[in-house]
Amino acid sequence: MFVENPESFSNYTAILQEELVPAMGCTEPIAIAYAAAKAKELLGEEPLHITVDCSGNIIKNVKGVTVPNSGGQKGIKVAATLGITGGQADKKLEVISAADDSARARCRELVNAGFCEVNFAEDVPNLYIAAKVRGSAHTAEVVIAEHHTNIVRMARDGVTVFEQANAAAYPENAALSSADRSKMTLRGLLDYAARVDLSEVSELLERQIRYNRAISQEGLDNGWGARIGKTMLESWGSDVKTRAIAWAAAGSDARMSGCALPVVINSGSGNQGITVTLPVLVYAEEFQVSKQKLYRALLVSNLVSIYIKHFIGPLSAFCGAVSAACGAGAAITYMAGGDERRIACTITNTLGNVGGIVCDGAKPSCAAKIASSVHAAILAYQMSMRDQQFQPGEGIVEEDVEETIRNIGYIGKVGMKPTDHEILNVMIDKVDVNACV
């Protein structure tokens, strides 16, 4: 039997501690609000104006989503301005959780008055935000790149006060990481999930269960978004498969439409955090597994999702619901008694089916993409338990699941880069689609 190097266990634990953090609302507008709040803090006075430079993927993921705790407002200008009027930078991805009616009203007033200017930043990382504020006496700038709270530069009055290259000078803002995702393997993460001392991770997992179940219930109880989860239960019945899909979709219904409840994220995404959690909870209840078995299944789900997504990168044209659904399917297979081979088969079958879903920004239809992805993962699990698998040489499928994962990573990161560019052009009306007909 394979036994993982004990030193790698600490690496997997560090990865989980970095990834499984609470976030309020879609993480892209929240990252903008965080950058703005941090810039105001650095400025040291009330800002008179803010300019936000964003990468295309940030623009794509903020354009159609409601900013939480904003009173139904949408867009980059709202996210940045609410970060100024109601943000608390020390709360990071829950930066606007305390915004009140006064902050919301002031946000509307400032946005209408032209307080915020937005620019498209080119030749920058896929995840890039530069918040530049001007006061009566000073200026300040905060730049975030690669990850949603990863501040890489801060400047006041044109003088750099922090750069990540010299993180020791400002350690509370440095993205110091002990986790190395390049050392992950499917076999290694499965060994970790099976043998790690659960006391090291139980608090993280309990918070994930509690937060993500709550927002899913909110989506089912009330009329958020496109009501994908509610529609499925009302139309398809309530068998275990439907419940697993609907509960995941319902969490996204609420989150994408401005619900202020926090979510424990995965791979920088609340939707992915929901997707790796809710189907596992539903099947754990159906299988009547122990709490310890559920915890270990959630470790499988979270780590498989993180593993696949790290080959693709934080934002791309590849829908992250697919990698998260692979994690959920792998965890369901694990709880059903599937071994490493069958878990690998589930991942392969999922990627071979829905690996081409594109990301055209955060919005209510994300719930439907989650539903499609989880449906595919459950089919993949059912196939794998019957020893049915898409075969090597069929499309992107390789004999070794690790190679299949790398193939989808290459497609998502490199192959779909032009697609990502054209999706953005369509969304911001830079292309005449009728000319292509």
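Side-chain contact, Asn271 with Ser252: a donor N or O sits under 3.5 Å from an acceptor N or O. Counting only N and O atoms by type, the side chains of Gln164 and Asn150 include a donor and acceptor under 3.5 Å apart. Judged by distance alone, the side chains of Asp197 and Ser199 do bring a donor and an acceptor atom under 3.5 Å apart. The closest side-chain donor-acceptor pair between Glu398 and Asn407 falls under 3.5 angstrom. Thr185 and Glu402 form no side-chain donor-acceptor contact under 3.5 Å, judged by distance and modelled atom types alone. Side-chain contact of Tyr192 with Thr13: a donor-acceptor pair under 3.5 Å is present, judged by distance alone.
In this structure, the side chain of Asp180 engages the main chain of Ser182 through a donor-acceptor pair within 3.5 Å. A donor-acceptor pair under 3.5 Å is absent between the side-chain atoms of Arg134 and the main chain of Thr139, judged by distance alone.
Legend: residues meeting side-chain hydrogen bond (donor to acceptor under 3.5 Å, both in side chains) with Glu285, ordered by chain and number and at least two apart, are Arg213. Every side-chain hydrogen bond (donor to acceptor under 3.5 Å, both in side chains) that Thr27 has, sequence neighbours left out, goes to His148. Judged as a side-chain hydrogen bond (donor to acceptor under 3.5 Å, both in side chains), and not counting sequence neighbours, Ser102 has no contacts. Under the rule for a salt bridge (Lys or Arg N to Asp or Glu O under 4.0 Å), Glu203 has no partner lying at least two apart in sequence or in another chain.
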Check against salt bridge (charged side-chain N to carboxylate O under 4.0 Å, His left out), Glu18 and Arg181: CA-CA 11 Å; Glu18 286 184 7; Arg181 287 153 185 78; 3.0 Å; yes

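Interatomic distance, Leu82 CG to Cys116 SG, rounded to the nearest 0.5 Å: 11.5 Å. Atom-to-atom distance recorded for Ile151:CD1 and Lys92:NZ is 7.5 Å, nearest 0.5 angstrom. Taking CG from Asp221 and CD from Gln217, the interatomic distance works out to 4.0 Å, rounded to the nearest 0.5 Å. Between the CG atom in Leu299 and the OH atom in Tyr334 there is a gap of 8.5 Å [rounded to 0.5 Å]. Note: Ile32 CD1 to Ile144 CD1 = 9.0 Å, rounded to the nearest 0.5 Å.
By the neighbour-count criterion of 12 heavy atoms within 6.0 Å, atom NZ of Lys77 is sparsely surrounded, having that number or fewer from other residues, nucleotides or ligands. Within 6.0 Å of the NZ atom in Lys230, the count of heavy atoms belonging to other residues, nucleotides or ligands exceeds 12. At most 12 heavy atoms of other shown residues, nucleotides or ligands fall within 6.0 angstrom of atom NZ in Lys417.
Residues Lys291 and Ser202 have side chains not in contact (no heavy-atom distance under 4.5 Å, counting atoms from C-beta outward). In this structure the side chain of Ile129 never reaches within 4.5 angstrom of the side chain of Tyr34, judged on heavy atoms. No side-chain heavy atom of Glu109 sits less than 4.5 Å from a side-chain heavy atom of Phe115.
Below 30°, between 30° and 60°, or above 60°: for His310 and Tyr307 the angle between ring planes is below 30°, a parallel geometry.
The two residues Lys309 and Leu315 make their nearest non-hydrogen contact at NZ-N, 4.2 Å. Nearest heavy-atom pair, Ile312 versus Gly412, reported as atom, atom and distance to 0.1 Å: CG2-C, 4.0 Å.
Ionic pairing of Arg104 and Asp101 is present here: one or more N-O contacts between side-chain nitrogen and carboxylate oxygen are shorter than 4.0 angstrom.
For residues 243-262, the pairs satisfying salt bridge (Lys or Arg N to Asp or Glu O under 4.0 Å) are Arg243-Glu286, with sequence neighbours left out. The ring-ring contact (aromatic ring centres under 6.0 Å, His included) pairs that include a residue from residues 262-284 are Tyr283-Phe287, where partners are two or more places apart or lie in different chains.
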